[in-house]
Enquirer: 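Here it is, the structure in full.
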Amino acid sequence: MSPDPVYTLADLESWSRPAPSLAVLGHPIDHSLSPPMHNAALAAEASSGRHPADWRYFRFDIPPSDLPRALTQLQARRFRGVNLTVPHKVMAFDLVKEIDFQARICGAVNTLLLTPVGWHGYNTDGYGLAAAVGENFGRELAGATILLLGAGGAARGAAVECLSRRCASLWIANRTREHLDRLLVFLRPMAGGIPMRALDDSAAPPEGAIVVNATSAGLRPGEPSPIDLSLLPQPAAVMDMIYNPARTALLAQAERLGVPAANGMSMLAHQGAKSLEIWTGIPAERSAPVMLAAGRAALEQPT
Ligand code: NDP
């Protein structure tokens with residue numbers, strides 16, 4: 001998909017690049033769009049003379065057992081920043097020196113900044129979701145009725161963002177009821193009076209909800225949608241966090257019903273742009289369109 005090489009812990013142990021480096025760690029990592037997206041944004045800034053031209057972003061395949069060693073090595077090699085993806089977002093929580101408030105309540109970090117005292121952890125996924133909803137639907141999470149599908153890590157981050165931005169109400173549906181109940185218990189203390197409900201046979205959100213799919217149902221081509229939209233009062237918009245495939249069964253149904261719909265590429269670009277802002281100060285609003293175009297182009301390349 002992307003021509004960027006995949007590095008390993010062994011490469012990191014002998015890393016000698018003197019110029020500022022950034023990295024994404026995951027396992028697997030070969031399908032990550034982050035290197036082409038970040039390198040495109042860095043190149044755009046460099047070509048306009050706004051940022052030094054020698055910054056680069058690399059990807060590393062790091063199994064979970066190697067994460068502590070990898071973070072120590074990245075610090076020793078003076079990497080400026082790191083993105084974490086599956087399966088490291090929760091595990092890294094206990095390995096960093098300081099944690100930003102938003103990441104703390106999500107219980108997961110996706111962005112690390114090297115500071116004089118060590119790694120500082122952030123979570124930019126919630127920002128990415130809010131920015132993508134604004135960009136695609138011209139809507140704010142504040143004041144909106146949200147129907148969230150899923151109860152895993154991405155759903156938890158999305159729910160925290162919706163509540164902290166004061167959505168009007170939050171409905172949650174999930175395949176495994178026990179996981180959904182656990183998420184509701186976790187969220188209850190931060191709801192601050194915002195109504196929260198499980199979607200079930202006895203109740204559904206009113207017309208005009210923003211549906212956010214934070215399940216992995218649809219990641220495999222041809223996989224069925226996690227919900228039948230025709231059984232709900234007409235939603236205002238449907239955002240699927242999945243971006244590959246670009247058109248899931250959920251998005252296809254939304255289009256058939258005439259509901260504005262968007263996949264997760266915009267969210268990915270915005271959360272990435274926010275990470276880059278944390279590391280470099282380059283405004284996220286400026287990098288996001290460059291990252292979006294680079295991500296789409298990388299997806300279109302033959303694997
Ligand atoms: P988790 O593994 O933590 O959670 C997976 C969730 O999906 C659970 O709620 C699980 O339900 C549900 N699920 C899995 N398979 C099915 C199925 N066949 N039918 C219905 N529900 C299902 O994953 P994450 O929360 O980390 O990620 C979820 C999705 O969000 C992924 O597709 C990921 O790529 C995407 N994502 C996109 C981002 C972006 O920037 N665009 C950022 C972060 C995530 P159960 O509890 O029953 O197991």
Side-chain angles (χ1 to χ4, degrees), residues 24 26-29 31-34 37-38 64 83-93 102-103 106-111 122-133 135-136 147-161 171-187 198-200 211-229 238-251 253 261-276 284 287-288 291-292 294-296 298-299:
V24 57
H27 185 68
I29 197 65
H31 287 286
S32 173
L33 296 177
S34 295
M37 291 169 71
H38 281 271
N83 276 143
L84 299 164
T85 184
V86 178
H88 299 316
K89 288 185 187 184
V90 174
M91 199 187 313
F93 200 78
Q102 195 73 6
C106 292
V109 288
N110 75 338
T111 302
Y122 299 84
N123 194 319
T124 65
D125 282 341
Y127 166 86
L129 172 65
V133 165
E135 177 176 272
N136 288 281
L147 171 55
L148 179 62
L149 312 179
R156 182 198 278 221
V160 167
E161 191 71 22
W171 296 72
I172 309 181
N174 191 52
R175 179 178 61 178
T176 307
R177 180 62 199 230
E178 185 194 339
H179 297 165
L180 167 53
D181 289 340
R182 215 182 294 153
L183 178 60
L184 286 169
V185 167
F186 168 81
L187 294 171
L199 180 79
D200 54 33
V211 179
V212 176
N213 180 32
T215 77
S216 34
L219 267 183
R220 282 181 289 272
E223 204 170 10
S225 168
I227 198 165
D228 183 350
L229 295 173
V238 175
M239 161 80 52
D240 198 331
M241 287 196 192
I242 295 172
Y243 52 84
N244 187 17
R247 193 164 175 269
T248 58
L250 174 69
L251 294 180
Q253 189 188 25
N263 69 27
M265 186 58 89
S266 157
M267 175 176 167
L268 185 74
H270 284 289
Q271 62 82 20
K274 195 64 174 179
S275 297
L276 193 63
S287 307
M291 289 196 177
L292 185 61
R296 285 186 176 142
L299 262 190

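Computed from heavy atoms alone, side chains included, the values below leave out hydrogens, waters and symmetry copies. Along the sequence shown, the residues carry numbers beginning at 1. Just follow the structure's listing: the first ligand is 1, and inside any ligand the first atom is 1. Nothing here was measured: the structure is a model prediction, and the numbers come from that model.
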Enquirer: Is the shortest side-chain heavy-atom distance between V24 and T85 below 4.5 Å?
Expert: yes
Enquirer: May I have a table of the N/O to N/O pairs between ligand 1 and the protein that fall below 3.5 Å, each row giving the two atom names and the distance to 0.1 Å?
Expert:
unit_1   : atom_1 : unit_2 : atom_2 : d
ligand 1 : 3 (O)  : G153   : N      : 3.0
ligand 1 : 7 (O)  : S216   : N      : 3.1
ligand 1 : 9 (O)  : A151   : N      : 2.9
ligand 1 : 9 (O)  : N174   : OD1    : 2.7
ligand 1 : 11 (O) : N174   : OD1    : 3.2
ligand 1 : 25 (O) : G153   : N      : 3.2
ligand 1 : 25 (O) : A154   : N      : 2.7
ligand 1 : 41 (N) : M241   : O      : 2.9
ligand 1 : 41 (N) : G264   : O      : 3.1
ligand 1 : 46 (O) : N174   : ND2    : 2.8
ligand 1 : 46 (O) : H179   : ND1    : 2.6
ligand 1 : 47 (O) : R175   : NE     : 3.0
ligand 1 : 47 (O) : T176   : N      : 3.1
ligand 1 : 47 (O) : T176   : OG1    : 2.5
ligand 1 : 48 (O) : R175   : NH2    : 3.0

Enquirer: If the condition is side chain to side chain donor-acceptor pair (under 3.5 Å), which residues does H179 pass it with, not counting sequence neighbours?
Expert: none
Enquirer: Residues two or more places apart in sequence or in another chain: which of them pass salt bridge (Lys or Arg N to Asp or Glu O under 4.0 Å) with D181?
Expert: R177
Enquirer: What residues, two or more places apart in sequence or in another chain, satisfy salt bridge (Lys or Arg N to Asp or Glu O under 4.0 Å) together with R182?
Expert: E178
Enquirer: Is the shortest heavy-atom distance from the side chain of Q253 to the side chain of D228 under 4.5 Å?
Expert: yes
Enquirer: So do N213 and P226 actually touch side chain to side chain, heavy atoms under 4.5 Å?
Expert: yes
